[in-house]
Amino acid sequence: MDEQQRAKIASGRGFVAALDQSGGSTPKALEHYGVTESQYATDAEMFDLMHEFRSRIITSPAFTGERILAAILFEQTMDRDVAGLATPAYLWQHKQIVPFVKVDEGLAEERDGVRLMKPFTKLDDLLARAAGRGVFGTKMRSVITGAAPAAIGAVLDQQFGYAERILDAGLVPIVEPEVDIHSPDKAAAEQVLRRGILERLGRRPVMLKLTIPDEDDFYAELIGHPQVLRVVALSGGYSQEEADERLARNHGLIASFSRALTEGLRRDQSDDDFNGALDRSIAAIYRASTT
């Protein structure tokens, strides 16, 4: 583990940029950017366009370690280059932004009010490649729509089980059991989730990525826990403005936004307009993350 990167994650001021849209979410991300499905014919062309978009963000003068602590990458982004350097190396050497990589392989069908992750089939190889390319940590996502304790327990058992393997490989896992913001059981699910996480925290530090809670400062105990390196929040479908407002009321909770970060960015913008829009987004999310 790089101690300089660890210190930045643990105590730095800023937020985590989520640039990890994968195959299923890439078409929608490109559509928001102004690229329709008629503009590419194959998955390879789609991912080339997505890498062009991510490279434009990463190389923007607005995207620096002064306000951004880390960036979560899709596996393909990790494996590609930006400005002639491996993306993780570019992030750290040129921007002082700590690189993470998404390691889950998507979600299983919903059952009992949760969507577990599909079984991992390539984790060991991916972790080895990530470590070799200078990646600090990982991220994996499940979804919770109900409040059944047994089902939420299954989500956490799976998440923390894989977290142990990731820690064994020398990387820091971000555990992400997302609670659906549209769930009628959201508040009850958050109660079960917080209790379950506290029961499972072990001797080695992890990070947590959680939905912004209904009750302000609800996750304060997790934020202050000695085995939690950092707690970050997903935007979860809220607009950037609403996500920022909710986040700012939760002290010590910082953003890890994806769609909300790139809101307003378009492929046909001039570089000045693109960089200006990105700078405004970063500034607003930074303010909300430093309350």
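This structure is a prediction, so every number in the text was calculated from the model and none was measured.
Ion pairing between R249 and D217 fails under the 4.0 Å rule for side-chain N and carboxylate O. Salt-bridge annotation for E164 and R204: present, with a side-chain N of the basic residue lying under 4.0 Å from a carboxylate O of the acidic one. With salt bridges taken as basic N to acidic carboxylate O contacts below 4.0 Å, one links D271 and R56. Under a 4.0 Å N-O distance rule, the pair R267/D273 does not qualify as a salt bridge.
When hydrophobic residues (I, L, V, M, F, W, Y) are linked wherever their side-chain heavy atoms come within less than 4.5 Å, L234 remains an isolated member.
Within a 6.0 Å sphere centred on CD of Q227, heavy atoms belonging to other residues, nucleotides or ligands number more than 12. The number of heavy atoms from other shown groups lying within 6.0 Å of CD (E52) is above 12.
Under the ring-ring contact (aromatic ring centres under 6.0 Å, His included) criterion, the residue pairs touching residues 81-105 are Y90-H94, F100-F136, with sequence neighbours excluded. The stretch residues 68-79 participates, sequence neighbours left out, in these salt bridge (charged side-chain N to carboxylate O under 4.0 Å, His left out) pairs: E75-K122, E75-R129, D79-R129.
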- Message: Would R259 and E263 count as a salt bridge (charged side-chain N to carboxylate O under 4.0 Å, His left out) here? Give the steps.
- Response: CA-CA 6 Å; R259 184 200 45 76; E263 193 173 290; 3.4 Å; yes
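Of the candidates T262, D20, T77, T77 is the only one forming a side-chain hydrogen bond (donor to acceptor under 3.5 Å, both in side chains) with R54.
Ring-plane geometry between F53 and Y33 is classed as parallel, the angle between the planes falling under 30 degrees on a 0 to 90 degree scale with a further cut at 60.
Residues forming a side chain to side chain contact (heavy atoms under 4.5 Å, CB included) with V228 (at least two apart in sequence, or on another chain): L201, L208, H225, V231. Residues passing the side chain to side chain donor-acceptor pair (under 3.5 Å) test with S183: none are found, sequence neighbours excluded. Every residue two or more places apart in sequence or in another chain was checked for a ring pair (Phe, Tyr, Trp, His ring centres under 6.0 Å) with F218, and none qualifies.
Using modelled atom types and a 3.5 Å distance limit, the side chains of S142 and E178 yield no donor-acceptor pair. With hydrogens and angles left out, the side-chain atoms of Q76 and R80 include a donor and acceptor closer than 3.5 Å. Residues E110 and T145 bring a donor and an acceptor atom of their side chains to less than 3.5 Å of each other. Side-chain atoms of K95 and T64 form no donor-acceptor pair, as typed in the model, at a separation below 3.5 Å.
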